[in-house]
Structures are given as C-alpha cells and as structure tokens.
Amino acid sequence: MPVSALASSVNPDGVFSLFHQFLKPLFIQTRHLCSIVFVISALSSQWYPPTGAVSLTTFTTSDNVTLLYKDWGSGQPVFFSHGWPLSSDAWNNQMLFFGQQGYRVISHDRRGHGRSEQTWDGNNMDRYADDLAELFEHLDIRNIIMIGHSTGGGEVAHYIGRHGSARVAKVVLVGAVPPSVLKTDKKPDGSQLRSSTEFVRLLPRTASAELASALVNGSILKVYPGGSHGLAHIDADQFNVDVLAFIRS
C-alpha cells in the first residue's frame, strides 16, 4: 500500500509555541509504513458535546503513571495526539465529527498534560511513544488511523519509528515537528534556538512538512495557503472533510 503525506503551510502570524526539547531530530522508519502524513495545524480547547454513550477513563503505564483518555463510538479506530501544552480536548471537534462518520475515536492526555499525571520524569519522545504502544495494547486496537498535531505529530512519528507500523493503517501529521525543525548547516531553513529555555514561535514548512513528505514514498503534501498552526480548528469544516476523504481513499 502506498504511503501518503499531507502537509500545510504555516502563517508566521499564527500563534503557537513548541518547547525546545521536542524539536530534536526525529527519524521515521518508512520502509514498511502504510500510512498517510497529513500536516496541518490544530490549537483549540473548544468543547463540542458528544452524543450517545462515551467513555472517559484512565490507564496506568508500566512505569506507574496514570493517563486519562477518551474512547468514543465504535468502528475503525482513529487516534488523535494533541500538541504541546494542550490536552485531548483540543480534538473534540474532530472526535465528534469522525465519531458521527462511524469511527471509534480515541485521544489521550499525554503524561504531564491535561488531566493525566503531572510527571517529573519521562517527558521525552521515547517515553511518549512507549505510552502510546502500551495504551494501544491495553485497548487491543489495530488498523489505527493516527493523527498527530505539532508535538503530537512527533509523538506519532516516533511511535512508528520505535514500535513499527503493525497496528497502523494510515497517518496524518498536522503542523508536526518531524523530521527535524532545528536549524543546522544542512537545514538552513530550520528554527534557531538562542537558549535552552526558549520557546519556538514558528514551525517552518520547509523543515518539517516538506521534508516529511519527501521521506515517505507516495506521500501526499497538501498546503493550505495562509493557514495558521491552528487550522484544524479555525477551518475545522475543511480540515475534517479533507482528512475524511484521505481516510476513505
């Protein structure tokens, strides 16, 4: 199955920030990956009440950290991974929409975020990826459509690089950090951090979406001209339709 990738442009005026420790180079194993990379932006905590029975529960990881997650509906699982420093609530619009389209929608509050345990240790991509692997095993889900925004996109890519794609059907990266957004001699279009505590305000498309798309054979790169990092919620209707079309393709 060919791999597809979809990405968006980022408006320099879009307001967002990414903590420096999440911007280290990420390597994606793509040889056996059957997925989509959909890169756009989503920043919102807007609440859209779900209909019908829903589940909001917790899960304990192997290192004894309690994570909260939402698990709504039934059907093929669609997993949403939020950006820093948000929570699963950032995806409520999409969870309602895709749940109504017949999918099982799942999203977690990453460790140290939202209503999950505020951990001192384990706040790194390796542990984030392991948390996803343990949650997927706990829920016994496969054929997953993984959608990750910003840091969540790095989390999704790192999960695949670390745990493989056996459980994954497709991938959507939304304004995500992979493969690397740091400015180096080989990546002059990247972001430059002036100190170890600096937050990053701009995610260059050339250092993220375009490179990620180039790494994945057969990927789809979709650009939203003038779109902001929060495109998934600012233009939620268009975003949802585009992702749904990709999922069904």
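These numbers were taken from a predicted model, which means no experiment stands behind them. Worth knowing before you read on, the calculation uses all heavy atoms, side chains too, and leaves out hydrogens, waters and symmetry mates.
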Residue pairs fulfilling salt bridge (charged side-chain N to carboxylate O under 4.0 Å, His left out) with at least one residue in residues 225-240, sequence neighbours excluded: none
Could you list the residues that satisfy side-chain hydrogen bond (donor to acceptor under 3.5 Å, both in side chains) with Asp109, not counting sequence neighbours? Ser88, Arg115
All salt bridge (Lys or Arg N to Asp or Glu O under 4.0 Å) counterparts of Glu134, not counting sequence neighbours: Arg127
Rounded to the nearest 0.5 Å, what separates atom CD1 in Ile144 from atom CZ in Arg104? 9.5 Å
Any side-chain heavy atom of Ile106 sitting closer than 4.5 Å to one from Val78? no
Under the side-chain hydrogen bond (donor to acceptor under 3.5 Å, both in side chains) test, residues paired with Thr61 that sit two or more places apart: Asp63
side-chain hydrogen bond (donor to acceptor under 3.5 Å, both in side chains), that's the test. Do His233 and Asn93 meet it? Break it down for me. CA-CA 8 Å; His233 289 279; Asn93 181 304; 4.9 Å; no
Among Trp72, Tyr69, Phe80, whose ring pair (Phe, Tyr, Trp, His ring centres under 6.0 Å) with Trp91 holds? Phe80
Correct closest heavy-atom pair for Gly112 and Asn123 would be CA-OD1, 4.4 Å
Gap between atom OG1 of Thr58 and atom CG of Leu68 - 0.5 Å precision: 7.0 Å
Is there side-chain contact between Val243 and Ile147, with heavy atoms separated by less than 4.5 Å? yes
Where Ser81 and Arg110 come nearest, the two heavy atoms and their spacing: OG-NH2, 3.4 Å
Using salt bridge (Lys or Arg N to Asp or Glu O under 4.0 Å) as the criterion, list what pairs up with Asp130, not counting sequence neighbours. Arg162
Can you tell me how far the CD atom of Glu155 sits from the CG atom of Asn124, to the nearest 0.5 Å? 11.0 Å
Okay, side chain of Ser150, backbone of Gly152: is any donor-acceptor separation there less than 3.5 Å? no
side-chain hydrogen bond (donor to acceptor under 3.5 Å, both in side chains) against Gln101, all qualifying residues, sequence neighbours excluded: Arg248
Asn143 versus Arg167: any side-chain heavy-atom pair under 4.5 Å? no
Got a sec, which residues hit side chain to side chain contact (heavy atoms under 4.5 Å, CB included) with Thr60, two or more places apart in sequence or on another chain? Asn64, Thr66
Sorted by chain and residue number, the side-chain hydrogen bond (donor to acceptor under 3.5 Å, both in side chains) partners of Gln238 (sequence neighbours excluded) come out as Asp242
Pairs satisfying salt bridge (charged side-chain N to carboxylate O under 4.0 Å, His left out), at least one member in residues 137-151, at least two apart: none
Would you please classify the geometry between the His82 ring and the His108 ring as parallel, tilted or perpendicular, with 30° and 60° separating the classes? tilted
Less than 4.5 Å apart, any side-chain heavy atom of Met146 and any of Ser165? no
State whether the side chain of Gln118 and the backbone N or O of Ser116 hold a donor-acceptor pair below 3.5 Å, judged by distance alone. yes
May I ask you to decide if Ser107's main-chain N or O and Lys70's side chain share a donor-acceptor pair within less than 3.5 Å? no
Residue pair Phe98 / Val105: nearest heavy atoms and the distance that separates them: CB-CG1, 3.8 Å
Closest non-hydrogen atom pair between Arg111 and Asp131, with its separation: NE-OD2, 2.7 Å
Point-to-point distance, once rounded to the nearest 0.5 Å, from CZ of Phe59 to CG of Leu67: 7.0 Å
Who passes ring-ring contact (aromatic ring centres under 6.0 Å, His included) against Phe136, sequence neighbours left out? Phe79, Tyr159
